[in-house]
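Report on one structure; see the data block that follows.
A, B, ... follow the sequence lines: proteins, then strands. Residue 1 opens every chain. Values below: all heavy atoms of this structure, side chains included; hydrogens, waters and symmetry mates excluded.
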Amino acid sequence: MYLEIFETIKRALFAATGVQNPPLTDGGTHADFATAIAFERAKELRRAPMQIAEEIAAALAKDPSLKGIRIETKGPYINFHTGSGFLRSSLEAALQPGYGTLPLKTGRVVLEHTSANPNGPLHVGHIRNTVIGDTLVRLFRKAGHQVEVQYYVNDMGRQIAIVAWGFSHLDSSRKEGEKGDHHVARVYIAANRELEKDPGIVAGVDLLMQQVEKGDAATTALFRNAVSECLEGFRVTLSRLYARHDRFVWESDFIRNGDTERLLARIRRMDECHEDGKLWLDLSKEGFEKEYVLRRSDGTSVYAARDLAYHIWKGRNFDRMIDVLGADHKLIGSQLIATLRLIGEKVPEIVHFEFVSLPEGSMSTRAGKFVSADELIDEVTRGAYEEVDSRRDDLDEETKLAIARSVAIAAIRYDIVKISPEKSTVFDWKEALDFERQSGPYIQYAHARACSILGKAGPFEPAYEFAMESEIALAKHIAKFPYVIQNAVRDLKPHLIATYARELADLFNVFYQFEPVLKSTGMTRQSRLTLVQATKNTLAETLGTLGIDALVTM
RNA sequence: GGGCUUGUGGCUUAGCCAGGAUAGAGCGCCGGGCUUCUAACCCGGAUGUCGAGGGUUCGAAUCCCUCCAGGCCCGCCA
């Protein structure tokens, strides 16, 4: 209903003023919707905005499509107030399962996220990528898009060659109970120490890279085994975070299937292409001063070439490509896009996020300086368990542990997604272990409270009579949910849904505090139960898009 | 040195792209609220030169310019 009314008012404003895409905002405390369009018209008409607002309002009042909407002017502003019918139909929609799901879209979307190098476990920086990416996936699906989620496995870079070297030259046995990704990190860190001591080892690493590019069977198997072991660990961590990939795409496949070679052949025909041992593109006309190298003088391809081949493949199989990448990929991301444009291929939409660092400085897998996602999940789960244990002695161990696990993931995912991606952050244990307001558990708690009321209420007939301020504010916010989904997907901004969820929980808690539900009677009781049911449903749908369990009790 | 990006109360942060009605929150601080639907909660209070300075505009946290500070990038690494 919110979406429909919003569009209806916009159309009416266009009809009344001739302004394309007229400004229309949420009315905040003043109204349901508001516009400052009179200011804009004042310039052109050279008359007082207040007077113009009056005239526009008068024209709108005659518009039959705005029937039931009260229009008032407040100085130069025009305010719109929706009637009780609006809240009723919004809540009716909110009672339905799957509330907020938008109509099915045509076209297929491929979304790539995480894609960390398989040389050690995912750490607190990588999972910013995971959480942003996975939340986007959920939002896109909620908005009616068909999405395939991909993980691009970097299985032939220098870092993997170093891992492979370590596996074949150092003591690399796996410890009892050690996760594959942690094992690989241990070998990688040890190999790097050797490299520092003896730079001569670089030649051995280079040789491995050349052999793998040529398709040497033994070297390929060596790489593949190490990468597989690491991925096995990634899958466990990703699934603990409720992030699922539909497909793991191996970078080396684009060498093996000839795509990279075919791409380089196309590149060679371009005016911007230069070959002087190495093969590179001159993108200076596109604003890039550095040489964009695609093949080394020893004949091996570089990451950029394989990434181009990967994107060409994605572009031919999907209608939209979305990549979630760290801020360190900004330059190469725009070089990739510029090159794809030059050769007439589809380009990706890239969502960049800034870095997560530790209080003592930036993270480094090579130096072993990182907080792993596994460690974070374990620690936060422990904290959550203490919290559950201290307040629920009526529950058995298994249930308490299950709640703690859900609460921990909620805390972690929400902490990450609530921050705008363009902000660099410093990881903080104290914040990670905070389960109070503006946290995932806070939103889960509101949901559990709603469930508790509904469980005690028994069956009831829906009703829609709201008189109290907290009831109306809550109902209006519920009505906005589809609008928020639409905007979050349009702007590729998952944190919008995080903010929405928190506001919804805030409003519900205020309502909960002031308006008794079970103790009220008659129509008031029915209406409040309806509101609780709609809130519960909307919270559950919202939590679903955030990848957080909607707990029934906690 | 060049490019990208961030700078909002003690701390964390929303709002900025699409300029408008008193700049929203949380933590921390001070003061209240559990024989009442789960207090992982709620209410009240103090705290802001929206990094600094110019400009555009009837109007700037929001747009433009300069400067300062932090982050990231500038490899025949990925």
Output one letter per nucleotide in nucleotides 21-27 of chain B: B when a protein non-hydrogen atom lies under 4.0 Å from the base, S when only the sugar-phosphate is that close, - when neither is. BB--BS-

For nucleotides 70-78 of chain B, just jot down a letter per nucleotide in 5' to 3' order: B, S or -, based on protein non-hydrogen atoms under 4.0 Å. -SSSSSBSB

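For the contact set between residues 401-417 of chain A and RNA chain B, defined by any heavy atom under 4.0 Å, the members are A:Val407.
Between the CG atom of A:Asn487 and the C1' atom of B:A14 there is a distance of 15 Å, given to the nearest Å.
Taking 4.0 angstrom as the limit, A:Tyr442 places a side-chain polar atom (N or O) nearer than this to OP1 or OP2 of B:C42.
Counting only residues at least two apart or in different chains, side-chain hydrogen bond (donor to acceptor under 3.5 Å, both in side chains) contacts with residues 483-492 of chain A comprise A:Asn487-A:Arg490. Within the structure, the side-chain hydrogen bond (donor to acceptor under 3.5 Å, both in side chains) test picks out the following pairs touching residues 351-361 of chain A (sequence neighbours left out): A:Lys330-A:Glu354. Applying the side-chain hydrogen bond (donor to acceptor under 3.5 Å, both in side chains) test to every pair with at least one member in residues 277-289 of chain A, sequence neighbours left out, gives these pairs: A:Asp276-A:Lys278, A:Asp276-A:Trp280, A:Asp282-A:Ser284.
Annotation: ring pair (Phe, Tyr, Trp, His ring centres under 6.0 Å) contacts of A:Tyr152 (sequence neighbours excluded): A:Tyr310. Under the side chain to side chain donor-acceptor pair (under 3.5 Å) criterion, A:Asp253 pairs with A:Arg256, not counting sequence neighbours. Under the ring pair (Phe, Tyr, Trp, His ring centres under 6.0 Å) criterion, A:His81 pairs with no residue, sequence neighbours left out. Considering only residues two or more places apart in sequence or on other chains, A:Phe514 meets the ring pair (Phe, Tyr, Trp, His ring centres under 6.0 Å) condition with none of them. Partners of A:Thr339 according to the side chain to side chain donor-acceptor pair (under 3.5 Å) rule, which considers only residues two or more places apart in sequence or in another chain, do not exist here. Here A:Tyr512 pairs with nothing under the ring pair (Phe, Tyr, Trp, His ring centres under 6.0 Å) rule; sequence neighbours left out.
For the P atoms, the distance linking B:G32 with B:G70 amounts to 44 Å, nearest Å.
Residue-level contact check: A:Ser357 touches neither bases nor backbone, having no heavy atom under 4.0 Å from any strand. Here A:Val202 lies out of heavy-atom contact (under 4.0 Å) with every strand.
In this structure, B:A61 makes no Watson-Crick or G-U wobble pair, since no nucleotide meets both defining distances under 3.5 angstrom. For B:C4, the paired base is B:G71 (Watson-Crick or G-U wobble, both distances below 3.5 Å).
The distance from the OG1 atom of A:Thr135 to the CD1 atom of A:Ile548 is 8.0 Å, given to the nearest 0.5 Å.
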